[in-house]
Amino acid sequence: NLPMLYIITPTYRRPEQIAELTRLAQTLMHVKNIHWLVIEDATQKTWQVTQLLERTGIKFEHLIAPMPEDLKKKKGLKPRGVSNREKGINWVRNHTTDGVLYFADDDNTYDIQIFHEMRFTKKVSMWPVGLCTGYGVSSPIVKNGVFQGFYDGWVAGRKFPVDMAGFAVNIKFLLQRPAAKMPYKPGFEEDGFLQSLAPFEPKEIELRADNCTKIYVWHTQTKKNSPAGALDAKYNSTNLLH
Ligand code: UDP
Ligand code: MN
């Protein structure tokens, strides 16, 4: 009996939403023993998302968790997907006592091997994430099987300079840490969450993906190329300027 994977996916309404979720859903359809928590940054569930989830045959929850209004209105970088992930963490706290939790953004690219890698996480496991920052990859550095530090294009004083797609957490371990949460702090969501799992030190990380030598997940980002986006660009560059 395989430990259950609780996969938390933040998502939000935009022209690309169903395309992203179709790709992710059809990846997850190849993975056994998962419970998929799809959480929309919205005040109402999007019916197209509900329909898609029902067609997959995957065990799922379709939840909503809007970004707080004050943060939504703020200019500049916003904490994307934090309200959603917090909702997912709280759902897990209230509905299960074991398994493994993973944050899977809707737009990344997942080799199904990554789900085998994380399945037997005891505390926190980590692996490389491709296409991450200007360095091209974000990963723990491993020498002779031993953790040495982190390789990441934006360390910014973080204790855990890693990407959201680069770690999984054991749920028993999480439940022993009632204060664990993700901060509404752009760029510091991963570090804040991992630090809130204290006591937990980098040397305890369970190294996966062949001692972090293999890439099974990529931080891909979809180019805005929707009809709506194209029209915006057209009107902004021609009609309004000329
Ligand atoms: N997201 C969200 N609300 C937003 C923007 C993003 O729920 O207003 C979700 C998005 O669907 C994704 C995650 O939060 O699953 C991270 O967002 P994004 O992929 O835009 O961030 P990036 O990859 O650029 O860091
Ligand atoms: Mn993304």
Side-chain angles (χ1 to χ4, degrees), residues 6-28 34 36-46 48-50 52-53 58 60-91 101-111 114 128-138 152-156 158 160-168 181-194 215-226 228-229 232:
Y6 290 85
I7 299 176
I8 295 180
T9 297
T11 185
Y12 69 113
R13 281 186 87 149
R14 63 207 191 278
E16 299 82 4
Q17 182 177 35
I18 297 300
E20 306 285 23
L21 288 173
T22 296
R23 185 179 51 217
L24 176 51
Q26 297 195 4
T27 300
L28 294 180
I34 61 168
W36 192 18
L37 311 185
V38 176
I39 310 174
E40 290 194 69
D41 174 358
T43 52
Q44 290 183 315
K45 294 183 201 177
T46 304
Q48 291 92 335
V49 173
T50 312
L52 167 59
L53 292 174
I58 297 170
F60 72 87
E61 308 296 325
H62 185 189
L63 308 172
I64 53 172
M67 186 185 296
E69 277 301 327
D70 52 323
L71 295 172
K72 203 175 289 183
K73 284 194 210 108
K74 257 175 63 180
K75 291 213 166 60
L77 280 186
K78 289 175 190 138
R80 293 188 295 263
V82 175
S83 57
N84 330 36
R85 295 188 199 98
E86 272 288 288
K87 179 93 179 186
I89 293 167
N90 288 324
W91 190 96
L101 179 152
Y102 180 56
F103 299 115
D105 286 357
D106 61 359
D107 57 338
N108 293 334
T109 304
Y110 305 89
D111 185 313
I114 199 63
V129 180
L131 301 175
C132 220
T133 80
Y135 283 23
V137 61
S138 169
D152 188 279
W154 187 73
V155 173
R158 294 182 294 169
F160 297 98
V162 300
D163 187 76
M164 199 62 77
F167 64 91
K181 66 199 296 290
M182 188 169 290
Y184 285 95
K185 198 176 168 197
F188 294 85
E189 293 94 340
E190 298 89 346
D191 187 48
F193 175 71
L194 290 164
I215 294 177
Y216 295 125
V217 56
W218 293 264
H219 190 137
T220 43
Q221 293 179 300
T222 301
K223 177 184 159 201
K224 292 280 174 208
N225 194 25
S226 63
D232 280 354

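Order of appearance sets the numbers: ligands from 1, and atoms from 1 within every ligand. Numbers for residues simply follow the sequence, beginning at 1. Just so we're clear, the structure is a prediction, and the values are computed from it rather than from any experiment. Reckoned from all heavy atoms, side chains included, excluding hydrogens, waters and symmetry mates.
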For P186 and E189, the nearest pair of non-hydrogen atoms, with its separation, is CA-OE2, 3.4 Å
Ranked by distance from atom 1 (N) of ligand 1, the top protein heavy atom is Y12 CD2, 3.3 Å
Q: Name the orientation class of the two ring planes belonging to Y6 and W91 (parallel below 30°, tilted from 30 to 60°, perpendicular beyond 60°).
A: tilted
A student checking ligand 1 against H219 at a 4.0 Å heavy-atom cut-off should list atoms 22 (P), 23 (O), 25 (O)
If we number the atoms of ligand 1 from 1 as shown, the ones under 4.0 Å from a heavy atom of N84 are 7 (O)
Original post:
Do the two ring centres, one from F167 and one from F160, sit under 6.0 Å apart?
Top reply: no
Closest non-hydrogen contact found for S138 with D163 is OG-N, 4.0 Å
(message) If I apply the N/O under 3.5 Å rule, does R80 come out as touching ligand 1?
(response) yes
The atoms of ligand 1 lying under 4.0 Å from a heavy atom of P10, numbered in the order shown, are 9 (C), 10 (C), 11 (O), 12 (C), 14 (O), 15 (O)
closest protein heavy atom to atom 12 (C) of ligand 1 is D106 OD1, 3.6 Å
Charged N-O contact under 4.0 Å between D105 and R85:
yes
Of all heavy-atom pairs linking T9 and A104, the shortest is OG1-O, 2.8 Å
Among the N/O/S atoms of D107, the Mn ion (ligand 2) lies closest to OD2
Quick note on ligand 1: atoms under 4.0 Å from a heavy atom of D107 include exactly 19 (O), 23 (O)
protein heavy-atom neighbour closest to atom 16 (C) of ligand 1 works out as D105 OD2, 3.3 Å
Heavy-atom proximity to atom 4 (C) of ligand 1, picking from L24, D41, I39, points to D41
Rounded to the nearest 0.5 angstrom, the CG-CD distance for D106 and E16 is 9.5 Å
- Task: Decide whether an N or O pair under 3.5 Å exists between M67 and ligand 1.
- Result: no
So the atoms of ligand 1 within less than 4.0 Å of a heavy atom of Q221 turn out to be 22 (P), 23 (O), 24 (O)
Looking only at heavy atoms, the pair that brings A25 and I58 closest together is O-CD1, 3.7 Å
